[in-house]
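Remarks on the structure that follows.
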Amino acid sequence: MEIKVFKTAEEIGSAVASIFVDEVKNNPSCVLGLATGASPIPTYKEIIKAFENGGITFKDVKTYNLDEYCDLPKNDKNSYYTFMHEQLFNGLDILEENVHFLDGNAEDSEAECKGYDAEINAAGGIDIQLLGIGNNAHIGFNEPADSFTDGSFKVKLTDSTIEANKIYFDENPMPHYALTMGINQIMAAKKIILIATGPKKAEAIRNMVKGEVTPQVPASILQKHDDVIIFLDEAAASLL
Ligand code: F6R
């Protein structure tokens, strides 16, 4: 694991965005795995800036998002579909048919998950996977558990995750289930970038980097990937 510590979230955003921009320039039909949440927002802003400055197109880029809530309409203001369009896709020339999400409203969630995994494989796998990390060290919505997960699946969110994310929900209650990519699937990405900022992430970061590899600390599995870069601010790095 390579660990880089920065002073501000904005500096992290610039550094991570330049990795994605270089990838798209070198490999215009690359496959990107994307995350939602607060952590990637500065990165997405910088990617849009790079696009606006010219010399780069996302027309042939394919994206696969990590997760999506269940029982929330696709266009709900809190869906990850809406988040990604507002924070990134609407600012790029990416094609709607090339952006992919798990359908949290699919009647048969198992078939939905299998289909999503098969699509990612058919696209050649993920070149760069962007991750945040939960206060409980979840990645995607792989919550602490007794074993590491494989492909995409339907998950019941933990109280810790509901507590951390319910601030975004005012009118409707936060869903308690989501569809998420699984751990082995995340590990299959050729390169992984994880962003964490703020003191609430410090313990999860310490456990991920210094603790044993255990499904009780889902992000600890990243110790076994040979191309992971962790981008932290000083607060998130404070227990290392
Ligand atoms: C989001 C996701 C989650 C978040 C994590 C951190 O697609 O998969 O694992 O990355 O909950 O969220 P923030 O960045 O809001 O602290």
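One is the number of the first residue; the rest follow in order along the sequence. Values in this document were obtained by computation on a predicted structure and should not be read as measured data. Every number for a ligand or one of its atoms is a count from 1 in the order of the listing.
Under 4.0 Å is where a charged nitrogen must lie from a carboxylate oxygen, and between Asp93 and Lys59 no such pair does. Taking a cutoff of 4.0 Å between a charged side-chain nitrogen and a carboxylate oxygen, Lys49 and Glu52 do not qualify as a salt bridge.
In this structure, the protein non-hydrogen atom closest to atom 1 (C) of ligand 1 is Thr36 OG1, 3.1 Å. Scanning the protein heavy atoms around atom 10 (O) of ligand 1, the nearest turns out to be Gly132 CA, 3.3 Å. In terms of protein heavy atoms, atom 11 (O) of ligand 1 is closest to His138 NE2, 2.7 Å.
In terms of polar-atom proximity, Gly140 is counted as a contact of ligand 1, with an N or O under 3.5 Å from an N or O of the ligand. Ligand 1 has an N or O atom lying under 3.5 Å from an N or O atom of Ala38, backbone or side chain.
Checking side-chain atoms of His100 against main-chain N and O of Thr63 turns up a donor-acceptor pair under 3.5 Å. With Glu11 contributing its side chain and Phe6 its backbone, the two residues share no donor-acceptor pair below 3.5 Å. A donor-acceptor pair is defined here as one N or O able to donate and one able to accept, closer than 3.5 Å; such a pair exists between the side chain of Thr82 and the backbone of Asp76.
For ligand 1, the atoms lying closer than 4.0 Å to a non-hydrogen atom of Gly37 are 14 (O), 15 (O). Counting atoms of ligand 1 from 1 in the listed order, those under 4.0 Å from a heavy atom of Lys201 are 6 (C), 13 (P), 16 (O). Each of the atoms 13 (P), 14 (O), 16 (O) of ligand 1 lies under 4.0 Å from some heavy atom of Ser39.
Comparing heavy-atom distances from atom 8 (O) of ligand 1 across Ile133, Asp67, Ile186 singles out Asp67 as nearest.
Taking the centre and axis of the six-membered ring of Tyr177, the NZ or CZ atom of Lys154 falls inside the cone set by 45° and 6.0 Å.
Under 4.0 Å from ligand 1, the heavy atoms of Leu66 that appear belong solely to its side chain.
Under 3.5 Å, the side chains of Glu143 and Thr161 contain a donor-acceptor pair of N or O atoms.
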